[in-house]
Every structure is written in C-alpha cells, then in structure tokens.
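Quantities reported herein were computed from a predicted structural model and do not represent experimental measurements.
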2 protein chains.
Amino acid sequence: MKIDLQNRDAAREIQALQDTIYVIGGKWKLPIINSICNGNKRFREIERSIPGITTRMLSRELKEMEMNKLIIRKVTPTSPVLVEYESTEYCRTFSPVIIAMIEWGLAHREKIREG
Amino acid sequence: MKIDLQNRDAAREIQALQDTIYVIGGKWKLPIINSICNGNKRFREIERSIPGITTRMLSRELKEMEMNKLIIRKVTPTSPVLVEYESTEYCRTFSPVIIAMIEWGLAHREKIREG
DNA sequence: TGAACTGGTATACTCTGTGATACTGGTAAC
DNA sequence: GTTACCAGTATCACAGAGTATACCAGTTCA
C-alpha cells in the first residue's frame, strides 16, 4: 500500500467537504440559517419565509440547531410566551457557503429563462 | 393577503438557495464533482478518492449526473473498455460553492483542534 | 362569539437515499 | 492457476428524512 504524498491535499479537501455536508446536510438547515440571518426571529415568521417547510420539520431542525449552538432560543415569559430565535457567530460562518449557493441558484434560473 | 414588497428579494434568494440544494443535494454529488474536477477520470479512481462511497452509489450518481449534463462519460472500446469521466463547463460552475464548503470544513476542523 | 393568530406537539405514514454483500466477464501480473 | 485489477450490476434491507393532518392552550381582533 503506497501513500500518495501528492494527494494528501486532495484528501484533506474532500474530507473538509464531507464534514461540511455532514453539518448542513438535508433540505432545510441552510434555508433556516439564511432566514434567521435575514432577520426573521419568530417561529411562524421563519416558517412562512421558507416555502414548503412543515411545522414539524422546522420544529425538529430548530431543536437540533439549538443543541449544536447554531442558534439561540430566547423566551420572554409574557402571556402567551414570546419566542425568538437568533443566529450565533458560529452560524454566521456559513454565510460564504450560503451566498455561493444563492448566486448559483440565481444564475441557474437566469440560464433557464434565457435558454 | 398582503404582498410584502420588502421581502421579494428575500423570497427570490431563498428560492435560489432551495434550487441549488435540489440540484446538488445528498451526500455524494459535490464530492464526486470535486473529485472529477480534481482530475480523477476513472471509475475506481473516483471511488478511491471519496471515503465511504460505495460502488453502487457512485454508479447511480454518475448516471444521474451524466443525464443532467454535469459530466461526460467517454468510452474507448479497447478490451477491456476504458471509461473516462470528464466534467462539463456547467459542472464547473459549482466551484465557488465547493470552495466555500471546503474552506468552512477546514476552518471547522481547525477550530475543533484548537478548542 | 367566533375566527385567526401564537408556538409548537402528536400520530401516522411514505419513500428513497443509502448501505452491505455478492457477483460478472474480461485482462494482466506473480 | 490464482490473485487482483477494471467497470460496473443485482438483490436485499433499513433508518430516518420528510410529509400530512390534526390538535392544544392562550390571546387578540372584529
């Protein structure tokens, strides 16, 4: 078994890529992050901002993302309770990824419209 | 029902984001694109370059990606046949996304190593 | 008084992406 | 002559991602 020194960077990079996919994988995490980073704080507000998401999926993802320190859930004990979600610094590190993906999506629609 | 003019950009952006996720969603498409763009051409070569992928998944994804014009499959009718995969121009438009994700992954490992 | 909002939970279901294992026919090297 | 490479295909099976629908307690609006 040979160790290919030339390929060590490629190996590190593909590992990095797979790490990232692992963390933000699935249909909803990036849209939710994007929504919260765009200033949406309330549960129904986030829900309405993401076409196709169900209450259940949003609820589940928010819980998981809170556990993973991607967001903070703030509760004001008024009646009824006021719940607000906020992004963390860590969450905002995904901005370059999200921006790249939004740009790809916009260019792609443009292309389809043209062609 | 009110139409919120302020949110039209946000709506377009989240749609673009969801489009992109739709196209490159799943665990394997981006790693495969990355591998091929890095110069891997042969089936087993690509397979070896992506930790964890199975022959079956690679085979399926390559087929789908060929149908979607993301890659080209070139067959040289030697015996046994020589098969080579190449990226298309369209495929390469994902570079910014892949780069952003690799950078996130590298920074993330760095952070974990430190903390 | 009833409708609509809030922030979710409960239950039941689908389904497909993914994994594990084995196999094929041909070639080449030890 | 057996092992290993190539480029895959075939079969089976499963977890869990995602969907659909209904529901709750409390509040505000008309």
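Remark: A/Glu110 engages A/Arg113 in a salt bridge, criterion side-chain N to carboxylate O under 4.0 Å. The pair B/Glu114-B/Lys111 does not meet the salt-bridge criterion, since no charged nitrogen lies less than 4.0 angstrom from a carboxylate oxygen. A salt bridge is defined here as a Lys NZ or Arg NE, NH1 or NH2 lying under 4.0 Å from an Asp or Glu carboxylate O, and A/Arg73 with A/Glu86 fails to meet this definition.
The distance from atom CD1 of A/Ile53 to atom P of D/dT21 is 17 Å, rounded to the nearest whole Å. Distance, A/Phe43 CZ to C/dT6 P: 11 Å, rounded to whole Å. Between B/Ile46 atom CD1 and D/dG8 atom C1' the separation is 12 Å, expressed in whole Å. Rounded to whole Å, atom P of C/dT16 lies 11 Å from atom NZ of A/Lys27. Whole-Å rounding puts the B/Glu84 CD to D/dA7 C1' distance at 13 Å. Across the protein-nucleic acid pair, A/Ile24 atom CD1 and D/dA17 atom C1' stand 17 Å apart, rounded to whole Å. Atom CG in B/Asn40 sits about 12 Å away from atom P in D/dA7, given to the nearest Å. Computed from coordinates, the B/Ile50 CD1 to C/dT18 P distance equals 13 Å when rounded to whole Å.
The aromatic rings of A/Phe94 and B/Trp104 lie parallel to each other, their planes meeting at an angle below 30°, with 60° marking the opposite boundary.
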Per-nt protein contacts along nucleotides 25-30 of chain C (heavy atom under 4.0 Å; B base, S backbone sugar-phosphate only, - none) come out as -SS---

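The side chain of A/Tyr85 approaches C/dG8 more closely than any other nucleotide in the set C/dG8, D/dG8, C/dT18.
Between the side chains of B/Glu84 and B/Thr76, no donor-acceptor pair of N or O atoms lies under 3.5 Å.
For the segment residues 55-67 of chain A, the set of residues with a heavy atom within less than 4.0 Å of an atom of DNA chain C comprises A/Thr55, A/Arg56, A/Ser59, A/Lys63, in numerical order.
The closest side-chain heavy-atom distance from B/Ile53 to B/Ile46 is not below 4.5 Å.
Closest of all the heavy-atom pairs between A/Ile21 and B/Pro31 is CD1-CD, 3.6 Å.
Judged by distance alone, the side chain of A/Thr20 and the main-chain N or O of B/Gly105 form a donor-acceptor pair under 3.5 Å.
OP1 or OP2 of C/dC5 has not a single side-chain nitrogen or oxygen of A/Arg48 nearer than 4.0 Å.
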Could you give me the CA-CA distance, side-chain angles and deciding distance for B/Ile36 and B/Leu62, then say whether side-chain contact (heavy atoms from CB on, under 4.5 Å) is met? CA-CA 11 Å; B/Ile36 293 178; B/Leu62 284 174; 4.1 Å; yes

